[in-house]
Asks: 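Quick one: the structure is below, questions incoming.
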Amino acid sequence: TLSGDETRARKAAEAAWRTARISGDRPLEAAAALLYAGEPELNIVGDEPGTLMLAATLDIDGLTGSERVRVMARLGSALSYSEHERAVTLALGSLELARRNGDRSALAYAIRCRLRGWFNPDQVDERIAMAEELTTIGRNLGDGVTESWGLRWQTITNFDSGDVDGIERSCRGLAALAE
């Protein structure tokens, strides 16, 4: 979906998903569902593509722990505005599974998905801590995209709480990363 031709990319991802589902290729099925759904932060609220694919994929056996984490997390993100309670359950389950499995990349993805649909004003400290964890994971993995999402979520959450110093700190971090 980052190809610039979203319609064509989604058609290809859907075809791959259907083929994988029929053939029983669970890793390909999970990858195709995630590709079809797109990046969690880049979808428009109320237009969550791939929700049915993600749910169908999550409902099968044969996914590795990391695949299950990603599909569960992305489904939670997709449902965060329409089925909030279910979304929270999926998000927390994906975080727990990722931590148990020790896959830092899958954990980072689960954190990104959780932060996207988590706007409880009384949980700002928890959200900041999770955004900081995402930043650290990205830095430790040498993954600038993940690190930048952590810094972006820090900025957003600091904005929510009115922490001007925190906003400036995370913006400086983004600028340094861009350099």
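Side chains are part of it too, since the values below use all heavy atoms of this structure and drop only hydrogens, waters and symmetry mates. These numbers were taken from a predicted model, which means no experiment stands behind them.
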Asks: Quick check: closest heavy atoms across Leu115 and Ala131, and the distance to 0.1 Å?
Replies: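 Shortest heavy-atom separation between Leu115 and Ala131 comes out as CD1-CA, 3.9 Å.
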Asks: Closest heavy-atom contact between Arg74 and Tyr109?
Replies: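 It is CD-OH, 3.2 Å.
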Asks: Transitively linked via ILVMFWY side-chain contacts under 4.5 Å: Val145 with Leu151?
Replies: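 Different clusters: Val145 never reaches Leu151 through Ile, Leu, Val, Met, Phe, Trp or Tyr contacts under 4.5 Å.
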Asks: Supply the atom-to-atom distance Thr89 OG1 to Leu75 CG, rounded to the nearest 0.5 angstrom.
Replies: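 Going from OG1 on Thr89 over to CG on Leu75, the span is 11.0 Å.
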Asks: What's the shortest heavy-atom distance between Thr146 and Ala108, and which atoms?
Replies: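 That closest heavy-atom pairing would be CG2-CB, 3.7 Å.
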Asks: Mind jotting down which residue pairs meet the side chain to side chain donor-acceptor pair (under 3.5 Å) criterion with at least one end in residues 98-107? Sequence neighbours excluded, please.
Replies: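 Output for this query lists Ser66-Asp103, Arg70-Ser105, Glu96-Arg100, Arg99-Glu133.
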Asks: Taking side chain to side chain contact (heavy atoms under 4.5 Å, CB included) as the test, write out the residues that go with Asp59, two or more places apart.
Replies: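 Expected list: none.
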Asks: Quick test of your reading: applying side chain to side chain donor-acceptor pair (under 3.5 Å), list the pairs with at least one residue in residues 22-33, sequence neighbours left out, ordered by first then second residue.
Replies: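 Listed once each, the pairs are Arg21-Glu29, Arg26-Glu29, Glu29-Thr57.
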Asks: Rounded at 0.5 Å granularity, tell me how far CG in Leu90 sits from CG in Leu97.
Replies: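 Taking CG in Leu90 and CG in Leu97, the distance rounds to 12.0 Å.
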Asks: Hydrophobic cluster membership, with links at side-chain heavy-atom distances under 4.5 Å among I/L/V/M/F/W/Y: are Phe159 and Trp118 in one?
Replies: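 No; Trp118 is not reachable from Phe159 via cluster members.
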Asks: Run the side chain to side chain contact (heavy atoms under 4.5 Å, CB included) check on Met130 and Leu134 step by step: do they pass?
Replies: CA-CA 6 Å; Met130 197 164 279; Leu134 181 59; over 6 Å; no
Asks: Over all heavy atoms of both residues, which pair between Ala98 and Val69 is shortest? Give the atoms and the distance, please.
Replies: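 That would be N-CG2, 3.5 Å.
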Asks: Same cluster or not: are Leu34 and Leu58 linked, directly or through other Ile, Leu, Val, Met, Phe, Trp or Tyr residues, by side-chain heavy atoms under 4.5 angstrom apart?
Replies: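 Linked, Leu34 and Leu58 end up in one cluster.
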Asks: Determine, stepwise, if the pair Arg10 / Glu14 fulfils side chain to side chain contact (heavy atoms under 4.5 Å, CB included).
Replies: CA-CA 6 Å; Arg10 285 226 166 97; Glu14 182 177 10; over 6 Å; no
Asks: Identify the two heavy atoms, one from Arg116 and one from Tyr81, that lie closest to each other, and give their separation to 0.1 Å.
Replies: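 Smallest interatomic distance, heavy atoms only, reads O-OH, 3.2 Å.
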Asks: The criterion is side chain to side chain contact (heavy atoms under 4.5 Å, CB included); which residues satisfy it with Ala31, sequence neighbours excluded?
Replies: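 Ala31: no side chain to side chain contact (heavy atoms under 4.5 Å, CB included) contacts found.
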Asks: Which pairs would a plain distance check flag for residues 161-168, meaning a side-chain donor or acceptor within less than 3.5 Å of a matching protein atom at least two apart in sequence or in another chain?
Replies:
residue: Ser161; atom: OG; partner: Asn158; partner atom: O; Å: 3.1
residue: Asp163; atom: OD1; partner: Asp165; partner atom: N; Å: 3.3
residue: Asp163; atom: OD1; partner: Gly166; partner atom: N; Å: 2.8

Asks: What residue pairs, at least two apart or across chains, pass salt bridge (Lys or Arg N to Asp or Glu O under 4.0 Å) with a residue in residues 135-150?
Replies: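 Matches after skipping sequence neighbours: Arg139-Glu147.
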Asks: About how many Å separate OH of Tyr36 and CE of Met53, when rounded to the nearest 0.5 Å?
Replies: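 Met53 CE to Tyr36 OH: 5.0 Å, rounded to 0.5 Å.
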Asks: Take atom CG of Leu141 as the centre, draw a 6.0 Å sphere, and report whether it contains more than 12 heavy atoms from other residues, nucleotides or ligands.
Replies: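 Yes, the 6.0 Å shell around CG holds more than 12 heavy atoms from other groups.
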Asks: If the condition is side chain to side chain contact (heavy atoms under 4.5 Å, CB included), which residues does Glu67 pass it with, not counting sequence neighbours?
Replies: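 Residues passing side chain to side chain contact (heavy atoms under 4.5 Å, CB included) with Glu67: Pro27, Ala30, Leu63, Thr64.
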Asks: Please check if Met72 and Leu79 belong to a single hydrophobic cluster, counting links between Ile, Leu, Val, Met, Phe, Trp and Tyr side chain heavy atoms closer than 4.5 Å.
Replies: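 Yes, Met72 connects to Leu79 through the hydrophobic network.
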Asks: Less than 3.5 Å apart, which donor and acceptor atoms pair up between the side chains of residues 171-179 and the rest of the protein, not counting sequence neighbours?
Replies:
none

Asks: Evaluate Gln154 against Arg169 for side chain to side chain contact (heavy atoms under 4.5 Å, CB included), listing each step before the verdict.
Replies: CA-CA 9 Å; Gln154 286 179 54; Arg169 213 175 19 260; 6.0 Å; no
Asks: Output, in order, the C-alpha distance, side-chain angles, deciding distance and verdict of side chain to side chain contact (heavy atoms under 4.5 Å, CB included) for Arg114 and Arg127.
Replies: CA-CA 9 Å; Arg114 173 64 175 133; Arg127 289 168 41 212; over 6 Å; no
Asks: Minimum heavy-atom separation for Ser77 to Pro40, with atom names?
Replies: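 Taking Ser77 first and Pro40 second, the nearest heavy atoms are OG-CB, 3.6 Å.
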Asks: Check salt bridge (Lys or Arg N to Asp or Glu O under 4.0 Å) between Arg152 and all other residues, then give those that pass, not counting sequence neighbours.
Replies: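 For Arg152 there are no salt bridge (Lys or Arg N to Asp or Glu O under 4.0 Å) partners, ignoring immediate neighbours.
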Asks: Would you say Leu95 ends up clustered with Leu54 if hydrophobic residues are merged whenever their side chains have heavy atoms under 4.5 Å apart, either directly or through other cluster members?
Replies: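 In one cluster: no.
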Asks: Using a 6.0 Å cut-off, check whether atom CG of Asp61 has over 12 heavy atoms from anything other than its own residue.
Replies: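 It does not: Asp61 CG has 12 such atoms or fewer within range.
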Asks: Which hydrophobic side chains are connected to Ile22, either touching it within the sub-4.5 Å cutoff or through other members that do?
Replies: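 Hydrophobic cluster check, Ile22: no partners found.
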Asks: Which pairs, with at least one residue in residues 80-95 and sequence neighbours excluded, count as a salt bridge (Lys or Arg N to Asp or Glu O under 4.0 Å)?
Replies: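 The answer is Glu83-Arg86.
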Asks: Which residues pass the side-chain hydrogen bond (donor to acceptor under 3.5 Å, both in side chains) test with Ser94, sequence neighbours left out?
Replies: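 Listed in chain order: nothing, the list is empty.
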